Amino acid sequence: MRFNEVLDCLHTYEAGKPIESVVAQYGIAAKDVIKLASNENPNGVAPAVKERVAQALDKMNLYPDDSMSALKNALSRHFDVAFGQLIIGSGSDQIIELAVHAKCQKGDCVLMAGITFAMYEIYSKAVQATIVRTKSAEHDLTEFLELYRAHSPAIIFLCTPNNPLGECLLAEDVRAFLREIDSQTLVIIDGAYQEYAAFKDKNRALSPKDLVAEFPNVLYLGTFSKIYGLGGMRVGYGIAHAPIIAALHKLRPPFNVTTLSLLAAEEALAQQDFVQDCLRQCACEMVRYERFCEEKGIAFIRSFANFITLKLESKDSTELAQWLLQKGLIVRNLASYHLNAIRITIGTESQNTRLLGLLEEFWSL
Ligand SMILES: *Cc1c(COP(=O)(O)O)cnc(C)c1O
């Protein structure tokens with residue numbers, strides 16, 4: 001069968017390997033497989049979230065509340081933004097897709113960092129946009145500005161903290177950059193890991209409320225998949241000036257987020273003590289990886305997210321990822337980004353102890 005020719009230049013997104021496939025392939029018991037590959041919260045969710053979902057199991061036959069007003073009201077209070085400045089998606093991924101479709105036409109240009117979240121490119125190519133990347137892998141706003149002036153992109157993506165590298169822009173630099181951008185250019189700021197950055201360094205924390213108030217061309221994205229521990233529930237949100245949100249709503253499929261997911265997200269947002277505990281735990285455990293790298297002389301990128309990227313030099317990332325997999329440990333090999341690097345999601349204390357032990361062993365081979 002012939003398909004839309006844009007599919008010829010698309011590659012299928014390589015998601016983190018599921019635990020089930022390691023069980024099947026290597027015969028390791030599911031309980032012994034450790035997945036540190038998709039930046040999920042290793043602590044799960046707050047107990048209240050499970051209770052809330054359990055209590056709502058008899059609502060499955062009914063369509064969700066398509067206005068999503070309970071969750072939107074909660075987000076509106078949390079971020080101090082208006083109801084009309086919010087959209088909820090099946091993951092923030094869906095909002096990226098809606099935004100690209102709402103803004104881009106064939107031949108438009110989309111600007112992004114040299115190495116960043118793979119879905120920006122996939123959604124952009126699907127609408128036949130031209131991708132322009134900075135030469136620098138990490139976000140370099142000087143280079144972004146040059147390319148903006150040269151190419152007049154329809155969309156600029158800033159991923160801060162950046163996945164899969166972990167670097168994070170200073171809030172002050174983001175604002176100075178935005179002042180140079182004309183109001184017709186949509187700037188999508190992906191804040192999937194902003195909670196981690198804000199915990200580590202206040203100077204890198206972005207306020208969606210202030211950004212949106214000052215810049216009517218900014219779309220800020222957040223997700224419940226990372227710090228809130230709800231990757232399996234698929235809930236993300238966008239915050240922007242109301243006309244942007246209204247445009248996205250025209251393309252949003254009805255009932256795009258399930259009843260149970262909406263409830264889980266609303267409850268998770270209320271459990272800020274749990275969030276703080278997880279942030280502290282992650283920051284603490286990150287230090288163990290940094291120390292390990294310093295001791296072994298392994299280069300790494302100072303991370304403001306819940307993962308750390310190791311640049312391997314003397315070892316091969318594909319070999320290492322494969323070796324770990326056989327031992328039941330899933331990490332993210334960045335060879336598909338043409339990097340000899342691995343990205344490790346910060347796990348629980350015992351998960352990290354196991355992985356650090358294996359890394360130690362691999363380096364002594
Ligand atoms: C995880 C992630 C997302 C969103 O994930 P969803 O599960 O779709 O909400 C968006 N951007 C980046 C950079 C991510 O790492």
Side-chain angles (χ1 to χ4, degrees), residues 13-18 35-42 44-45 68 71 75 86-101 110 112-124 133 137-139 155-169 174 187-198 204 206 208 218-240 248 252-253 256-258 260-262 264-266 268-269 278 282 301 303-309 331-332 334 336-337 343-346:
Y13 177 73
E14 189 196 328
K17 215 176 180 41
K35 184 185 178 206
L36 297 176
S38 298
N39 305 337
E40 292 140 325
N41 185 337
V45 289
M68 308 188 200
L71 179 57
L75 283 167
L86 285 161
I87 182 166
I88 316 278
S90 173
S92 56
D93 249 300
Q94 185 176 43
I95 302 173
I96 300 170
E97 184 177 22
L98 297 180
V100 169
H101 279 265
V110 175
M112 63 189 78
I115 293 185
T116 191
F117 193 47
M119 293 312 298
Y120 307 153
E121 172 167 340
I122 295 178
Y123 293 132
S124 301
R133 290 179 184 275
E138 299 180 20
H139 286 66
I155 298 182
I156 301 173
F157 279 102
L158 298 181
C159 186
T160 185
N162 187 20
N163 179 12
L165 301 183
E167 92 278 7
C168 186
L169 293 165
V174 171
V187 182
I188 300 183
I189 300 183
D190 189 338
Y193 303 95
Q194 262 292 313
E195 295 88 351
Y196 299 94
R204 291 168 210 270
L206 298 174
V218 164
L219 171 61
Y220 176 92
L221 302 178
T223 181
F224 285 93
S225 300
K226 307 288 158 56
I227 188 64
Y228 289 102
L230 291 174
M233 297 301 261
R234 316 300 308 121
V235 192
Y237 53 89
I239 303 177
L248 301 187
R252 180 182 67 87
N256 59 323
V257 183
T258 72
L260 299 184
S261 300
L262 289 167
E266 189 195 339
L269 193 62
C278 293
C282 178
I301 301 169
S303 171
F304 292 86
N306 64 343
F307 56 82
I308 185 164
T309 294
V331 299
R332 187 71 149 86
L334 298 183
S336 60
Y337 291 86
R343 188 194 67 193
I344 299 167
T345 302
I346 308 301

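Fair warning: this is a prediction, and the values are worked out from it, not measured in the lab. Indexing begins at 1, ligand by ligand and atom by atom, following the structure's order.
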* To do: Measure the spacing between CG of N163 and OG1 of T309 and express it to the nearest 0.5 Å.
  => 8.0 Å
* What's the shortest distance from atom 14 (C) of ligand 1 to any protein heavy atom, and which residue and atom give it? -> K226 NZ, 3.1 Å
* ligand 1 N/O within reach of N163 N/O, cut-off under 3.5 Å -> yes
* **For S225, the ligand 1 atoms whose distance to one of its heavy atoms is below 4.0 Å** => 6 (P), 7 (O), 9 (O)
* Can you see which heavy atom on V331 is nearest to which on A37, and at what distance? => C-CB, 3.8 Å
* Which ligand 1 atoms, with their elements, are less than 4.0 angstrom from a heavy-atom of G91? -> 6 (P), 8 (O), 9 (O)
* Hey, does G231 sit under 4.0 Å from ligand 1 if you only count heavy atoms? -> no
* Asked: So is N39 polar-close to ligand 1, meaning N/O to N/O under 3.5 Å?
  -> no
* **From CA spacing to verdict: side chain to side chain donor-acceptor pair (under 3.5 Å), N162, T116** => CA-CA 6 Å; N162 187 20; T116 191; 2.8 Å; yes
* To do: Can you see which heavy atom on C168 is nearest to which on Q194, and at what distance?
  => SG-NE2, 4.5 Å
* Atom of H139, atom of C159 and distance for their closest heavy-atom approach -> NE2-N, 3.0 Å
* Structure fact -> Numbered in order shown, the ligand 1 atoms found under 4.0 Å of a heavy atom of C159 are 13 (C)
* For atom 4 (C) of ligand 1, what is the nearest protein heavy atom, given as residue, atom name and distance? -> S92 OG, 3.0 Å
* Asked: Once you round to the nearest 0.5 Å, how far does OH of Y123 lie from CZ of F117?
  -> 7.5 Å
* Asked: Would you say R234 contacts ligand 1, with heavy atoms under 4.0 Å as the rule?
  -> yes
* CZ-CG distance between R343 and N39, expressed to the nearest 0.5 angstrom -> 4.0 Å
* Is it the case that R204 places NZ or CZ above or below the six-membered ring of F304, under 6.0 angstrom from the centre and within 45 degrees of the axis? -> yes
* Has ligand 1 got any nitrogen or oxygen that is less than 3.5 angstrom from a nitrogen or oxygen of Y120? -> no
* To do: Take every heavy atom of Y193, measure it against each atom of ligand 1, and state whether any distance is under 4.0 Å.
  => yes
* Among D190, L221, I188, V235, which one has a heavy atom closest to atom 12 (C) of ligand 1? -> D190
